[in-house]
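Residue numbering restarts at 1 for every chain, and letters A, B, ... go by the order of the sequence lines. Everything quoted here is computed from the prediction, not taken from an experiment.
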Number of protein chains: 2
Amino acid sequence: MAGDFLAALPDVSNDRPYLAASEDEATKRVERVLRSHRRSFSAGTILKMEREPCSETYCMLDGWLALSKSTEDGHRQIIDFMLPGDIMNPASAHRNTSAVQIEGLSQTTVSVIPNVIWANLTEAVPALKWRATCMTASVRSRMSERMLRLGKGNSEMRIAYSLMELFLRLRMIGKVDGFSFQLPMTQQQLGEFTGLSSVHVCRTMRRLSDKNILTTNGKMDIVISDIERLARSAGVGLDTLANEILPN
Amino acid sequence: MAGDFLAALPDVSNDRPYLAASEDEATKRVERVLRSHRRSFSAGTILKMEREPCSETYCMLDGWLALSKSTEDGHRQIIDFMLPGDIMNPASAHRNTSAVQIEGLSQTTVSVIPNVIWANLTEAVPALKWRATCMTASVRSRMSERMLRLGKGNSEMRIAYSLMELFLRLRMIGKVDGFSFQLPMTQQQLGEFTGLSSVHVCRTMRRLSDKNILTTNGKMDIVISDIERLARSAGVGLDTLANEILPN
DNA sequence: CGAAGGCTTGACGGTATTCAAGCATAGTGG
DNA sequence: CCACTATGCTTGAATACCGTCAAGCCTTCG
């Protein structure tokens, strides 16, 4: 499991000459910390509410989490999804409360690591710190892309972009089979991600389906049948987007 | 100038026992680096284009910057504004290109510090590193709040929220006089920030003005006359928002 | 004084929301 | 095995919100 957090890393030792412990020892230490703070949650569990005290860093081991915020009148916006290998600190600027609600979309395994321990760990394992830095940039990049489409895109662009983003992220962690993948969420939740009503998500996906850009079976099993046109609908090139939002 | 980046800091030495150089020496070193990389730009200057190579960290000394992304058909979304005291690294996940376009909205002074130098500096001055961490959380928090409103809010909520956010940020750096402040941007640009057309920005601000919530003079000089009702329109409490988005 | 840029207002049309009803599927208990 | 329910997807109709187009006005600057 811990391997997930170190294996995919670029060789950092060349350009960042930290005084690292030996590779093996670092790996073991990371593994130990991840294991000892490991917790599992079933789908639908709310791990943290908005503004609840929070001083932990979350390392995703398996499953999906949704980070969301809600208005007083009950509307909800999903800010981001967390997938295996992702690292997240949900703290607001005040540093001791969570800026978002954290909810499991599926059976989920997470290491919830107190910030003090996390700080020590990243000090000791530069590769992990580097990974966290890349993650921060990755989150910011994809949030920016989504903001652009929330502000200026129509429903087709929003849905197409979201599917592209999730496809790329899932592909990186080996969770797609060719061009098909499954999203553990309802159309309602995809709407909360894209800023659309569930009804309009349905209509928009049908339109994409009618254009033979993708196929669905009504259970959020997606097959992209024309990635080029999907990318065009999303308003971004596949490789361009991959470079921008995937941590390297 | 450098004082701006250290003065407002919380006393970190208590809960984060880094081996810090003496206060004075650290301050001098930060001042030296900031000064030697200082650059000034006039309003309208584009400092960086989207996807342009970028390996620098930006420390705002004076003025306003807008970070934006554009669609192929020419629509633009302003992702965030940078104000004096802010620290930003515009890198995408790929780490060597900028995820956003950077443009000056006013006469601006910035220290543009190569990442290697920045890394050394923050290693040597823990207070600065802590500030950068707070800035990261602050940016993420306010982006989340804005995403919520881009996705689920109407024009009044978007405008009201944006004015609240900018009011709070400006107040923190001493740029408001009571409840009045100036925004160095056109209604077109405020629309690019809120995901609205300039025409609708105009109408919405007029509506807020008709309700006696604020007054404008058509030159982006804003006076908030009823902060409580502005907060209600924005869908957030003033203090709640301050806690969430202002670095402490 | 003329030109340029930005604000304002009206009219119109398009996109997305809401409300409502019907359908399909999976799970439950008799 | 079969109602029965709950949940989510689908589709239609009516409505609301916002964008676009267009014209007029004001201010600033050369």
For atom CZ of B:R206 and atom P of C:dC7, their distance in whole Å: 13 Å

Aromatic plane relationship, B:W64 with B:F81 - under 30° parallel, 30 to 60° tilted, over 60° perpendicular: perpendicular

Is it the case that atom CE in B:M220 sees more than 12 heavy atoms from other parts of the structure closer than 6.0 Å? yes

Heavy-atom count around A:R207 CZ within 6.0 Å, excluding the residue itself: above 12? yes

Rounding to a whole Å, what distance do you find between A:M157:CE and C:dT15:C1'? 15 Å

Starting from C1' on D:dG8, measure out to CG on A:D221 and report it in whole angstrom. 14 Å

Could you run down nucleotides 16-25 of chain C 5' to 3' and tag each one B, S or - for protein heavy-atom contact under 4.0 Å? BBBB------

Distance, rounded to the nearest Å, where B:Q77 contributes CD and D:dG19 contributes C1': 15 Å

Would you kindly give the CE-to-P distance between A:M185 and D:dG8, to the nearest whole Å? 14 Å

Would you say A:D86's side chain and A:L83's backbone share a donor-acceptor pair under 3.5 angstrom? yes

What's the CG-C1' distance between B:L150 and D:dC18, to the nearest Å? 14 Å

Which nucleotide wins on minimum distance to the side chain of A:T186, given the candidates D:dG8, D:dT10, C:dC7? D:dG8

Identify each donor-acceptor pair in which a side-chain atom of residues 159-166 of chain B lies under 3.5 Å from a protein atom, sequence neighbours left out, and give them as a table.
unit_1	atom_1	unit_2	atom_2	d
B:Y161	OH	B:E165	OE1	3.0
B:S162	OG	B:R158	O	2.9
B:E165	OE1	B:R146	NE	3.0
B:E165	OE2	B:R146	NH2	3.1

Without hydrogens or angle criteria, can the side chains of A:S141 and A:E244 be said to hold a donor-acceptor pair below 3.5 Å? no

Can you find a side chain N or O atom of B:Q187 that sits less than 4.0 Å from OP1 or OP2 on C:dT8? yes

Whole-Å distance separating the CD atom of B:E192 from the P atom of C:dG6: 11 Å

Would you indicate, yes or no, if D:dT7 has its OP1 or OP2 atom less than 4.0 angstrom from a side-chain nitrogen or oxygen of A:Q188? no

For the side chain to side chain contact (heavy atoms under 4.5 Å, CB included) test, which of B:S198, B:C202, B:S197 pairs with B:H200? B:S197

Taking CG from B:N217 and P from D:dT27, how many angstroms apart are they, rounded to a whole number? 11 Å

